[in-house]
S.K.: 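Can you keep this structure in mind? I'll have questions shortly.
Predicted, not measured: the structure shown is a model, and the values here were computed from it. By convention in this document, chain letters (A, B, ...) are assigned in the order of the sequence lines, proteins followed by strands, and residues within each chain are numbered from 1.
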2 protein chains.
Amino acid sequence: MYGDCMQDAGYTIQDMAERCGMTAHTLRYYERVGLIQPVGRARNGHRRYSEADEAWLHFLHCMRATNMPIREMQRYAELRELGDATSLERRKILEDHRTAIATQIVELQQAHALLTHKIANYKKIEQRIRIGGPMIAEPEPDCSLAPAS
Amino acid sequence: MYGDCMQDAGYTIQDMAERCGMTAHTLRYYERVGLIQPVGRARNGHRRYSEADEAWLHFLHCMRATNMPIREMQRYAELRELGDATSLERRKILEDHRTAIATQIVELQQAHALLTHKIANYKKIEQRIRIGGPMIAEPEPDCSLAPAS
DNA sequence: CCTTGACTTTGAGTGCGCTCAAAGATGTAC
DNA sequence: GTACATCTTTGAGCGCACTCAAAGTCAAGG
């Protein structure tokens with residue numbers, strides 16, 4: 001055919017690591033724990049990653065970056081190997097993770113708002129220090145959700 | 001005064017754990033690593049938490065829940081002990097963390113969108129299976145950010 | 001008096017997700 | 001031909017944030 005003389009084509013592990021925002025260590029680790037199928041090899045035994053590998057790795061990266069545990073990614077990867085018959089189960093995993101993400105977003109947004117509030121408070125304190133104003137009053141500025149603050 | 005006969009007042013460690021969404025283990029852990037000052041004790045040596053402790057613990061919980069490392073929380077806690085003079089430094093920590101949170105939110109939102117997309121794709125696949133339609137075509141549905149999909 | 005249960009301490013153990021060390025093969029550049 | 005970079009493998013090590021085990025104290029209830 002044609003591919004026989006192309007076996008050295010594809011990305012090296014370093015290339016792929018950079019493309020996916022992981023280290024080469026992590027790529028090998030993912031392979032040995034079964035998150036990605038044994039990768040093709042060049043004649044010298046070095047790994048050569050395909051575009052398909054890249055897409056899958058990007059997906060894995062995205063799931064990890066949003067705190068999906070390796071365990072769950074493994075389960076998903078296994079189902080994926082089994083083909084379309086596992087579609088429902090896989091969808092369930094994704095839906096559950098999407099729910100988890102939504103929850104995280106809410107928590108982060110709340111924390112963001114809290115920090116904005118506290119930062120404003122610090123600015124006030126700094127102002128008072130600068131003008132040598134009264135340092136008293138204003139209940140503990142560290143009391144997060146406490147009333148007023 | 002009055003407080004002398006009130007030394008057993010305040011929340012028990014269990015109460016506080018429930019109120020703050022942590023375990024008693026974690027509360028003791030936070031105390032020994034200096035995240036919270038030595039807590040008051042009842043006559044029998046048991047910890048008794050104050051309202052101020054609760055507010056601070058809530059804050060800590062909120063920071064941890066948004067992935068602030070313990071190390072950074074320790075640094076913040078130390079500065080807090082030092083009083084108003086550390087205001088600027090503390091504000092910097094909060095601002096940095098707020099930035100980190102904003103970044104996380106964006107990542108999560110992207111992942112959320114990606115999942116929504118993939119979930120829709122799975123539904124299509126399931127539909128095709130149900131009606132026994134053509135199983136071919138449509139490039140790998142797992143290719144995350146890949147074009148079309 | 002004795003049991004029960006909630007607490008105390010100290011130090012060790014756990015689970016996760018990498019991360020690295022060591023030793024070796026291969027291919028390119030000078 | 002020899003240095004150098006880049007890869008390979010296996011198994012061990014690490015940092016984080018808890019989490020628990022063991023042994024002990026104390027107060028209330030039956």
Side-chain angles (χ1 to χ4, degrees), chain A residues 5 7-50 53 57 59-77 97 100 104 107, chain B residues 5 7-50 53 57 59-77 97 100 104 107:
Chain A
C5 50
Q7 47 190 268
D8 289 4
Y11 303 115
T12 67
I13 197 165
Q14 268 313 323
D15 289 347
M16 197 44 113
E18 280 157 32
R19 281 172 164 268
C20 297
M22 311 180 188
T23 67
H25 289 308
T26 301
L27 289 181
R28 290 191 204 98
Y29 169 69
Y30 278 13
E31 190 173 338
R32 75 174 149 178
V33 300
L35 280 177
I36 129 169
Q37 292 282 95
V39 173
R41 301 295 176 126
R43 268 191 254 79
N44 62 9
H46 291 193
R47 287 175 180 79
R48 284 294 180 275
Y49 291 85
S50 68
D53 290 331
L57 283 167
F59 174 66
L60 291 180
H61 180 69
C62 186
M63 294 302 97
R64 268 304 296 144
T66 54
N67 304 309
M68 182 182 279
I70 296 279
R71 273 292 158 86
E72 206 162 334
M73 292 175 22
Q74 284 172 324
R75 210 162 75 75
Y76 186 86
H97 187 54
Q104 287 180 67
E107 272 189 340
Chain B
C5 51
Q7 46 191 269
D8 289 8
Y11 303 115
T12 67
I13 197 165
Q14 269 313 325
D15 289 348
M16 198 43 113
E18 279 157 34
R19 279 171 166 272
C20 297
M22 312 181 187
T23 67
H25 288 310
T26 302
L27 289 182
R28 290 192 204 96
Y29 170 68
Y30 277 14
E31 190 173 337
R32 76 175 147 177
V33 301
L35 280 178
I36 130 169
Q37 292 281 91
V39 172
R41 302 295 177 126
R43 267 191 256 80
N44 61 9
H46 291 193
R47 286 175 181 78
R48 286 293 180 276
Y49 291 85
S50 68
D53 291 330
L57 284 168
F59 175 66
L60 291 179
H61 179 68
C62 187
M63 294 303 99
R64 267 305 296 144
T66 54
N67 304 308
M68 181 181 279
I70 295 279
R71 272 294 157 88
E72 207 162 332
M73 292 174 23
Q74 285 171 324
R75 211 161 74 75
Y76 186 86
H97 187 53
Q104 288 181 67
E107 273 190 341

S.K.: Would you tell me if any nitrogen or oxygen in the side chain of Q14(B) comes within less than 4.0 Å of OP1 or OP2 on dC7(C)?
M.R.: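 So the side-chain polar atoms of Q14(B) do come within 4.0 Å of the phosphate oxygens OP1 or OP2 of dC7(C), strictly under.
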S.K.: How long is the gap from CZ on R64(A) to NE2 on H61(A), to the nearest 0.5 Å?
M.R.: 10.0 Å
S.K.: Whole angstroms only, please: what is the CG-P distance between L35(B) and dA17(D)?
M.R.: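 It works out to 10 Å between those atoms.
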S.K.: If you take any heavy atom closer than 4.0 Å to DNA chain D, which residues from residues 63-73 of chain B end up in contact?
M.R.: R64(B), P69(B), I70(B)
S.K.: Can you check whether T12(A) has a side-chain N or O nearer than 4.0 Å to OP1 or OP2 of dC7(D)?
M.R.: yes
S.K.: Are any non-hydrogen side-chain atoms of M22(A) and Y29(A) less than 4.5 angstrom apart?
M.R.: no
S.K.: Which heavy atom of L60(B) sits nearest to which heavy atom of M73(B), and what is that distance?
M.R.: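 For L60(B) versus M73(B), the nearest heavy atoms are CD2-CE, 3.9 Å.
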S.K.: Name the residue closer to the 5' end of DNA chain D, choosing between H46(A) and T26(B) according to the nucleotide with the nearest heavy atom.
M.R.: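 Nearest nucleotide further toward 5': that of H46(A).
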S.K.: Output yes when at least one side-chain N/O atom of T23(A) is less than 4.0 Å from OP1 or OP2 of dC18(C), else no.
M.R.: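 No, because none of the side-chain N or O atoms of T23(A) sits under 4.0 Å from OP1 or OP2 of dC18(C).
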S.K.: Of the candidate nucleotides dT19(D), dT19(C), dG27(C), which contains the atom at the shortest distance from the side chain of Y29(B)?
M.R.: dT19(D)
S.K.: Hey, is the side chain of Y30(A) poking within less than 4.0 Å of OP1 or OP2 on dC18(C), counting only N and O atoms?
M.R.: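 The answer is yes; a side-chain N or O of Y30(A) sits under 4.0 Å from OP1 or OP2.
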S.K.: Given atom CE of M22(A) and atom P of dT19(C), what is their separation to the nearest angstrom?
M.R.: 12 Å
S.K.: In whole Å, what is the span from the OH atom of Y49(B) to the P atom of dA6(C)?
M.R.: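 Y49(B) atom OH is separated from dA6(C) atom P by 16 Å.
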S.K.: Do the side-chain N and O atoms of H97(A) and T66(A) include a donor-acceptor pair separated by under 3.5 angstrom?
M.R.: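 Result is yes, a qualifying pair exists.
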S.K.: Looking at side-chain heavy atoms only, is the closest gap between R32(A) and R28(A) below 4.5 Å?
M.R.: no
S.K.: In whole Å, I'd like the distance from the CZ atom of R48(B) to the P atom of dA6(C).
M.R.: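 Nearest whole value for this atom pair: 13 Å.
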S.K.: Could you tell me the separation between the CG atom of N44(B) and the P atom of dG5(C), rounded to a whole number of Å?
M.R.: 18 Å
S.K.: May I have the distance from L27(B) (atom CG) to dT19(D) (atom C1'), rounded to whole angstrom?
M.R.: 13 Å
S.K.: Which atom names give the shortest non-hydrogen contact between G34(A) and A77(A), and what distance separates them?
M.R.: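 For G34(A) and A77(A), the tightest heavy-atom pair comes out as O-CB, 4.0 Å.
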S.K.: Can you check side-chain contact (heavy atoms from CB on, under 4.5 Å) on R47(B) and T12(B), steps first, answer last?
M.R.: CA-CA 6 Å; R47(B) 286 175 181 78; T12(B) 67; over 6 Å; no
S.K.: Considering non-hydrogen atoms only, spot the tightest contact between V39(B) and E31(B) and give its length.
M.R.: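 Shortest heavy-atom separation between V39(B) and E31(B) comes out as N-OE2, 3.2 Å.
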S.K.: Rounded to the Å, how far apart are H25(A) NE2 and dT6(D) C1'?
M.R.: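 Checked: the NE2 to C1' distance equals 13 Å.
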S.K.: In whole angstrom, what separates M16(B)'s CE from dA6(C)'s P?
M.R.: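 Result: 19 Å.
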S.K.: In Å, rounded to the nearest 0.5 Å, how long is the span from OH of Y49(B) to CZ of R19(B)?
M.R.: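 Reported to 0.5 Å precision, the distance equals 13.5 Å.
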S.K.: What is the per-nucleotide protein-contact pattern of nucleotides 9-15 of chain D, from the 5' end, where B denotes a base atom under 4.0 Å from a protein heavy atom, S denotes such proximity for sugar-phosphate atoms only, and - denotes neither?
M.R.: BBBB---
